[in-house]
Amino acid sequence: MKRASRGCTLFSFFLSTLFLTGCGERVSWNQKITINVETPDGIKSGSSVTRVVKQDKAIFGIDAITPPEARGVGSAVLGEAVVVDLGEGQYLFGLISGMDQAAQCAIDWGTDRWWPDGARTVSKFEGVVELPVKCQPRLVTFDDINDPASVKRVKPDDLAASFGDNYALQSVTLEMTNEAKSESKVEAVLGWWCDYKTTQKRLSGSSSIAISTNELADNLGSGSFKIGACK
């Protein structure tokens, strides 16, 4: 779960377009984000455990001798979105995009410098913290769960607009955990996810490198819902 390590370790994985490889300090943790929703049938909840990794951006060569403060810090997250089953075919998703910043946003790390002291402080955090709106995952739903292009934004302060009367966001919480990262909830609900990952399509169905519209479906891909392999 929580660890800080030093050494010259080859660290490499792909996160959307982010590729970190380096020789420097790394701090990582597993975090659980839970979304609780008030519904006409009571509270409905969904959780996701993600693996967050922070590492200074040293690379072999000239950057390896550059001070960390001049290199910046790479950030990555592995796992999947939060899925809340609201019943009657309605689902709320808290996207994985930006989850690597949730703890940094919500937890007071007691220092003016995020790296590396702040990262160590966050990784050792115990207890549960409620995420303010600015630290919460982006919320979306689908008019038709089988149609990726039907994705639409959900306003945290107005779930009723998306789901109907008596639906409201009760809370979004974060805690550090020893649980393994979540891997199978998204695919169980989004039957098209693996195909879109394999073909590198956005939710609009386009696989073009250029994004030509501001439509939500044209700006989200499989990596917004899960970072990992098909099951």
Side-chain angles (χ1 to χ4, degrees), residues 9-22 26 28-35 45-55 57 59 74-102 136-154 162 172 177 179-231:
T9 303
L10 184 61
F11 166 69
S12 173
F13 60 83
F14 182 75
L15 168 60
S16 300
T17 57
L18 178 63
F19 182 81
L20 301 176
T21 181
R26 179 170 31 156
S28 59
W29 60 82
N30 282 16
Q31 63 186 28
K32 176 186 282 187
I33 292 181
T34 300
I35 297 178
S45 301
S47 298
S48 175
V49 177
T50 52
R51 177 73 170 171
V52 177
V53 182
K54 304 281 185 177
Q55 180 166 338
K57 289 183 177 179
I59 60 174
S75 182
V77 60
L78 297 172
E80 61 182 0
V82 180
V83 182
V84 186
D85 184 350
L86 299 176
E88 299 183 354
Q90 296 192 111
Y91 292 88
L92 176 67
F93 296 84
L95 299 184
I96 191 173
S97 313
M99 280 191 184
D100 55 320
Q101 304 300 326
Q136 295 173 7
R138 181 158 48 152
L139 303 178
V140 302
T141 190
F142 294 87
D143 286 329
D144 179 351
I145 200 68
N146 297 309
D147 179 9
S150 71
V151 67
K152 63 181 183 181
R153 293 180 178 86
V154 175
S162 298
V172 182
T177 180
E179 297 177 39
K181 68 180 186 295
S182 303
E183 297 183 309
S184 58
K185 296 178 183 179
V186 163
E187 283 183 82
V189 175
L190 303 179
W192 45 262
W193 181 87
C194 186
D195 174 62
Y196 273 62
K197 172 184 169 60
T198 303
T199 56
Q200 299 183 355
K201 289 188 291 189
R202 295 191 292 279
L203 269 58
S204 62
S206 173
S207 56
S208 171
I209 296 177
I211 299 176
S212 56
T213 76
N214 290 322
E215 295 297 321
L216 184 61
D218 208 29
N219 287 271
L220 295 180
S222 62
S224 296
F225 295 85
K226 179 180 175 180
I227 303 297
C230 297
K231 303 303 280 184

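- The main-chain N or O of V172 is never found under 3.5 Å from a side-chain atom of Q136 such that the two would form a donor-acceptor pair.
- Of the possible polar contacts, none joining the D100 side chain to the V52 backbone as a donor-acceptor pair under 3.5 Å is found.
- Atom CG of L139 sits about 7.5 Å away from atom CG of L95, to the nearest 0.5 Å.
- Here SG of C230 is found 14.0 Å from OH of Y196. Values are rounded to the nearest 0.5 Å.
- Rounded to the nearest 0.5 angstrom, T177 OG1 and I33 CD1 are separated by 12.0 Å.
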- Item | Trace of the side chain to side chain donor-acceptor pair (under 3.5 Å) decision for S75 with K54 | CA-CA 5 Å; S75 182; K54 304 281 185 177; 2.9 Å; yes

- Could you please spell out the steps behind the side-chain contact (heavy atoms from CB on, under 4.5 Å) verdict for N30 and E179? CA-CA 7 Å; N30 282 16; E179 297 177 39; 6.0 Å; no

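- When every heavy atom of S222 is checked against every heavy atom of K197, the shortest pair comes out as OG-CA, 3.4 Å.
- With hydrogens and angles disregarded, a donor-acceptor distance shorter than 3.5 Å links the side chain of Q31 to the backbone of M99.
- If you take CD on E80 and NZ on K181, they are separated by 10.0 Å, rounding to the nearest 0.5 Å.
- When all heavy atoms of G223 and S97 are compared, the pair lying nearest together is O-OG, 4.4 Å.
- Going from atom CG of L78 over to atom OG1 of T50 covers 9.0 Å, rounded to the nearest 0.5 Å.
- Side-chain atoms of K185 come within 3.5 Å of backbone N or O of S47 as a donor-acceptor pair.
- Within 6.0 Å of CD on Q200 lie no more than 12 heavy atoms contributed by other residues, nucleotides or ligands.
- Partner of L92 under the side chain to side chain contact (heavy atoms under 4.5 Å, CB included) criterion, out of V83, I35, V140: I35 alone.
- Side chain of K226 to main chain of I96: no donor-acceptor pair is present (N/O by atom type, distance under 3.5 Å, no hydrogens or angles).
- Within the 4.5 Å cutoff, the side chain of D195 has heavy atoms near those of the K201 side chain.
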Solution key, residues 147-154 side-chain donor-acceptor pairs under 3.5 Å, sequence neighbours excluded:
residue, atom, partner, partner atom, Å
D147, OD1, A149, N, 3.1
S150, OG, D143, N, 3.4
S150, OG, D144, N, 3.0
S150, OG, D144, O, 3.0
S150, OG, D147, O, 2.7
K152, NZ, D143, OD1, 2.9

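- Taking each heavy atom of L216 and R138 in turn, the nearest pair found is CD1-NH1, 3.8 Å.
- With rounding to the nearest 0.5 Å, the separation of CG in L190 from CZ in F93 is 4.0 Å.
- The two residues F225 and L203 make their nearest non-hydrogen contact at CE1-CD2, 3.8 Å.
- For the residue pair I211 and N219, the shortest heavy atom distance occurs at CG2-OD1, 3.6 Å.
- A side-chain donor-acceptor contact under 3.5 Å links W192 to the backbone of I145.
- With sequence neighbours excluded, the residues that form a side-chain hydrogen bond (donor to acceptor under 3.5 Å, both in side chains) with R202 are S206, D218.
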